[in-house]
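So the structure is just underneath, and the comments pick up after that.
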Amino acid sequence: MRTPTGVSGLDYDPPSASMSVSADEASSWTEAFAKGVAEVQELGVRVIGFAHDPEDDYVDEEDLAMRFGISERYVLELATDLVGPGGFPSRVKDRHGDPLEYWRWGPVREWFREHFGDDVADRFDREIDAADRAIKVAPGR
């Protein structure tokens, strides 16, 4: 599981941190978000919320499995049209046209919305929104 935790850089316009964590570091989104907040605060930065841009998010089969609550194998079977309705979005390609190991989140989420409904497609976004609300109402803000 890769989640938005573990500081990898700060951008000061507006201030933000980009974060990630591996599956062995957190067992749930809630734990991952909490670890991310703690790591950012250790840098002396006050966390004021979570944001997520689906058009600037790249995901692999591990990410998709976690976000949709399905197995990595099922993700790969959907992506190769072994199961499901077909037409899964293509992987991102390098400058030579060769497929890379990941997809853009936005098109995959929309494909899931079309074929599996909003409940499955929006699961990850609901987690981000819940974390954002929790940060905004936390004591000491």
Side-chain angles (χ1 to χ4, degrees), residues 1-139 141:
M1 162 177 78
R2 263 186 234 79
T3 60
T5 62
V7 177
S8 63
L10 293 174
D11 178 349
Y12 293 97
D13 190 23
S16 64
S18 173
M19 304 171 284
S20 65
V21 71
S22 68
D24 10 339
E25 295 176 282
S27 60
S28 70
W29 290 113
T30 303
E31 182 183 353
F33 291 137
K35 284 179 180 275
V37 168
E39 288 180 20
V40 170
Q41 288 174 336
E42 285 175 14
L43 296 173
V45 176
R46 186 172 58 118
V47 177
I48 60 169
F50 284 98
H52 180 248
D53 180 358
E55 297 311 313
D56 193 31
D57 189 4
Y58 297 90
V59 290
D60 62 15
E61 60 270 0
E62 181 182 11
D63 297 318
L64 293 174
M66 184 64 183
R67 291 180 186 198
F68 292 126
I70 59 179
S71 72
E72 288 179 46
R73 179 181 176 145
Y74 190 57
V75 169
L76 292 174
E77 289 174 348
L78 287 168
T80 55
D81 292 337
L82 291 174
V83 299
F88 197 86
S90 300
R91 291 179 186 260
V92 173
K93 295 184 179 170
D94 67 15
R95 60 189 175 103
H96 303 292
D98 297 320
L100 298 172
E101 296 297 316
Y102 53 87
W103 296 266
R104 283 189 161 284
W105 168 243
V108 173
R109 184 186 62 184
E110 292 309 312
W111 185 89
F112 265 83
R113 178 173 285 118
E114 180 182 336
H115 298 289
F116 294 96
D118 293 342
D119 190 49
V120 174
D122 295 335
R123 181 177 179 223
F124 176 72
D125 295 319
R126 285 191 306 273
E127 297 275 348
I128 293 283
D129 291 342
D132 185 54
R133 284 190 306 276
I135 289 293
K136 289 179 177 164
V137 300
R141 290 220 359 109

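This structure is a prediction, so every number in the text was calculated from the model and none was measured.
For Glu114, there are no salt bridge (Lys or Arg N to Asp or Glu O under 4.0 Å) partners, not counting sequence neighbours. Taking Thr80 as the reference, Leu82 meet the side chain to side chain contact (heavy atoms under 4.5 Å, CB included) condition, with sequence neighbours excluded. With sequence neighbours excluded, the residues that form a side chain to side chain contact (heavy atoms under 4.5 Å, CB included) with Asp129 are Arg133. With sequence neighbours excluded, no residue forms a side-chain hydrogen bond (donor to acceptor under 3.5 Å, both in side chains) with Asp81. Every residue meeting the side-chain hydrogen bond (donor to acceptor under 3.5 Å, both in side chains) condition with Glu77, not counting sequence neighbours, appears here in chain and number order: Arg73. Qualifying side-chain hydrogen bond (donor to acceptor under 3.5 Å, both in side chains) partners for Glu110, counting only residues two or more places apart in sequence or in other chains: Arg113.
Residues Ser71 and Ala65 share a closest heavy-atom pair of C-CB, 3.7 Å. Here the closest heavy-atom approach between residue Val120 and residue Phe68 is recorded as O-CD2, 3.4 Å. Nearest heavy-atom pair, Met66 versus Arg123, reported as atom, atom and distance to 0.1 Å: O-NH1, 3.1 Å.
Using a 4.5 Å heavy-atom cutoff, the side chains of Arg126 and Asp118 are not in contact. You'll find the side chain of Arg67 reaches within 4.5 Å of the side chain of Trp105, heavy atoms only. Residues Val108 and Tyr102 are not in side-chain contact: their nearest non-hydrogen atoms beyond the backbone lie 4.5 Å or more apart. Residues Asp57 and Arg109 fail the side-chain proximity criterion, which asks for heavy atoms closer than 4.5 Å.
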Review point. Between Leu78 and Phe116, is a side chain to side chain contact (heavy atoms under 4.5 Å, CB included) present by the stated rule, with each step listed?
Key: CA-CA 12 Å; Leu78 287 168; Phe116 294 96; 4.2 Å; yes
Show every donor-acceptor pair shorter than 3.5 Å between a side-chain atom in residues 83-95 and any protein atom, with sequence neighbours excluded, or say none if there are none.
residue, atom, partner, partner atom, Å
Arg91, NH1, Glu101, O, 3.2
Asp94, OD1, His96, N, 2.8
Asp94, OD1, Gly97, N, 3.0
Asp94, OD1, Asp98, N, 2.9

